[in-house]
Number of protein chains: 2
Amino acid sequence: MTIAGEHTENQILTSARDVFIAKGYEGARMQEIADRAGINKALLHYYFRSKENLFDAVFSEVASHLFPAMKQLLESDLGLKEKITFFVKIYLKALNENPYIPAFVINTLNTNPDGFLKYIKKAGVNPLLLQKQIEDEAGRGLIRAVKAEHLLVNIIAMCIFPFVARPIVQNIFEMNDEEYRFYLESRETEIIDFVLKSIRL
Amino acid sequence: MTIAGEHTENQILTSARDVFIAKGYEGARMQEIADRAGINKALLHYYFRSKENLFDAVFSEVASHLFPAMKQLLESDLGLKEKITFFVKIYLKALNENPYIPAFVINTLNTNPDGFLKYIKKAGVNPLLLQKQIEDEAGRGLIRAVKAEHLLVNIIAMCIFPFVARPIVQNIFEMNDEEYRFYLESRETEIIDFVLKSIRL
DNA sequence: TCTACATTTGACCGCTTGGTTAAAACACAT
DNA sequence: ATGTGTTTTAACCAAGCGGTCAAATGTAGA
C-alpha cells in the first residue's frame, strides 16, 4: 500500500463513518460516501469489496475505542470512589468528542445483532474484579454492598442516555443548544455525586 | 370506513410496527409489511399513501403510549419516594411488554430528528411540578436536594439502558437469555433502592 | 524510455425499491 | 337483478441501489 493509497483509505473510512453514523447502515449510500471522500464510487469497491465490508471496517474502528479505556480503568488499583469519579469523567469526555457513536452502536446493535460478539469478547472487560473490590470495600465499611452488574450498568446508562435521547430531554426541559451543552457539563459532577451518595453507608 | 376496512387498517399498522421496529425506516420493505398483513402491496398505498405516511401513523401510535403514563404519575399527589417506586415499576413493566420500542425511538430520533417535537410537546410532561415537590420534601428534611432534570433523566436512563444495549450487557456479564430475564427483573428493586439510597439525607 | 504494476475513472448492469394503474371482486341499497 | 361506490388485486414503471469492467492514468524501477 502506497502513502497515497493509505491516504485514500483513511479518507474513505472517515467519510464512511460520518455517513453510517448519520444515516445508519441501510440509509447510507455508497455514492454519498464516495462524494464526501472526493473519489469515484468504484474506488470504494477497490479498497473495500462491499458495503458490508466497509461497514465492518468502520465499526471495528469505533468499537476498538469503546472498551479498552473502560477495561483499563476497571483494572487499575484506585479506590472505588476514585475509580467511579475518573470513569465518569473519562467516559463523558469521550462521549462529548463523539456524541453520535452511542446512537450508532445501539442502532447497529438492534438492526443487526450478529457480528458484535467478537468485538465485545475481544475487549475482555471483566466485572469480576470490580465485584471483588466492592465486596472488599463494603467489608471494610467504606461503602454499602452493591452488585457490580447493576452499579456498572447504572453509571454507564446515566452517562450515555442524554446523548442518545437528546431531542427528547432537551425538549421536555425546554433547553436551547447552549443550555443543553451546559446541562451535559453539569451532569459530570451530578452523576458522580448521585452514585457516591447512593453507595455510602 | 367499513368494519372489514378497519380490520385491514389495523392489520397493516400492526405489521408495519413490527417491521419498522425490527428493520428501521430504511431497512423496512413495503412488500414485507404487506406480506405480514396478508394483503397486496398496492393496498398499503390505498390505505396510507406513502411509506412516510405509514411510518408516521405507526410512530404517532407508539409515541401516544409513551408519555401519558409518565405525565399522569408525575402529576399525582403521591410522596416522592412512592412516586419514584411506582414510576420505576410502571416503566419497567411497559418496557418488558415492548422491549424493542426504545431502540426504535432512538434510531428514529437520530436518523430523522424532525417531526418528533410535535409528539413531545403534545405530551406536555412538566418537570416543574416534580422540582417543586423535591424542594418541598427537601425543605421538610425528608430527602436531600436534587435537581429534577437530573433525577428524572437518571431514573429513566437506568430503566431503559438494559433494553437498548442488551447484547453488550448480556455478553459482558456472560448471561444466557434466562439469566438476563432474571437480571431485568432484579433491576426493579435495584433501581428503586439505588435512587432512594442516593436521595436520602 | 520502456515495462509492469497499482490506482483511479466513467460508463454500465441487473436487481430491488416505492409507487401507479386499470380492471376485477365485493358490498349493499334500491 | 341492477347500479354504485368501496375494497382488493396483478401487472407494471421509473428511479435508485450496490456492484462490475475495461480502459485510462499514475508511479516506480530497469
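Note that these values count all heavy atoms, side chains included, but never hydrogens, waters or copies made by symmetry. In what follows, chains are A, B, ... by sequence order, proteins preceding strands, each numbered from 1.
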Here the gap from Leu92(A) atom CG to Arg187(A) atom CZ, rounded to the nearest 0.5 Å, amounts to 8.0 Å
For [X] and [N], give me the distance from atom [atom1] to atom [atom2], rounded to whole Å.
{"X": "Asp35(A)", "N": "dT9(C)", "atom1": "CG", "atom2": "C1'", "result": "14 Å"}
{"X": "Ile39(B)", "N": "dT6(D)", "atom1": "CD1", "atom2": "P", "result": "19 Å"}
{"X": "Leu54(A)", "N": "dG19(D)", "atom1": "CG", "atom2": "P", "result": "10 Å"}
{"X": "His7(A)", "N": "dT7(C)", "atom1": "NE2", "atom2": "P", "result": "14 Å"}
{"X": "Leu44(A)", "N": "dT7(C)", "atom1": "CG", "atom2": "P", "result": "15 Å"}
{"X": "Leu43(B)", "N": "dT8(D)", "atom1": "CG", "atom2": "P", "result": "5 Å"}

Give me the one residue out of Lys132(B), Gln133(B), Gln131(B) that meets side-chain hydrogen bond (donor to acceptor under 3.5 Å, both in side chains) with Glu135(B).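 Result for side-chain hydrogen bond (donor to acceptor under 3.5 Å, both in side chains) with Glu135(B): Gln131(B).
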Can you find a side chain N or O atom of Tyr47(A) that sits less than 4.0 Å from OP1 or OP2 on dT8(C)?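 Yes, Tyr47(A) has a side-chain N/O under 4.0 Å of OP1/OP2 on dT8(C).
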Tyr46(B) side chain near dT8(D) phosphate (N/O to OP1/OP2, under 4.0 Å): no
With a 4.0 Å cut-off on N to O distance, would you call Arg181(A) and Glu178(A) a salt bridge? yes
Centroid separation under 6.0 Å, is that true for the rings of Tyr91(B) and Phe87(B)? yes
Would you say the ring centers of Phe55(A) and Phe20(A) fall short of 6.0 Å from each other?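 Yes; Phe20(A) has its ring centre under 6.0 Å from that of Phe55(A).
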Pairs in or reaching into residues 50-63 of chain B: which pass side-chain hydrogen bond (donor to acceptor under 3.5 Å, both in side chains), with residues at least two apart or in two chains?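 Applying side-chain hydrogen bond (donor to acceptor under 3.5 Å, both in side chains) to every pair that reaches into residues 50-63 of chain B, excluding sequence neighbours, yields nothing.
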Readout for nucleotides 16-21 of chain C: B = base within 4.0 Å of protein heavy atom, S = sugar-phosphate only, - = neither; 5' to 3' it is -SBBBB
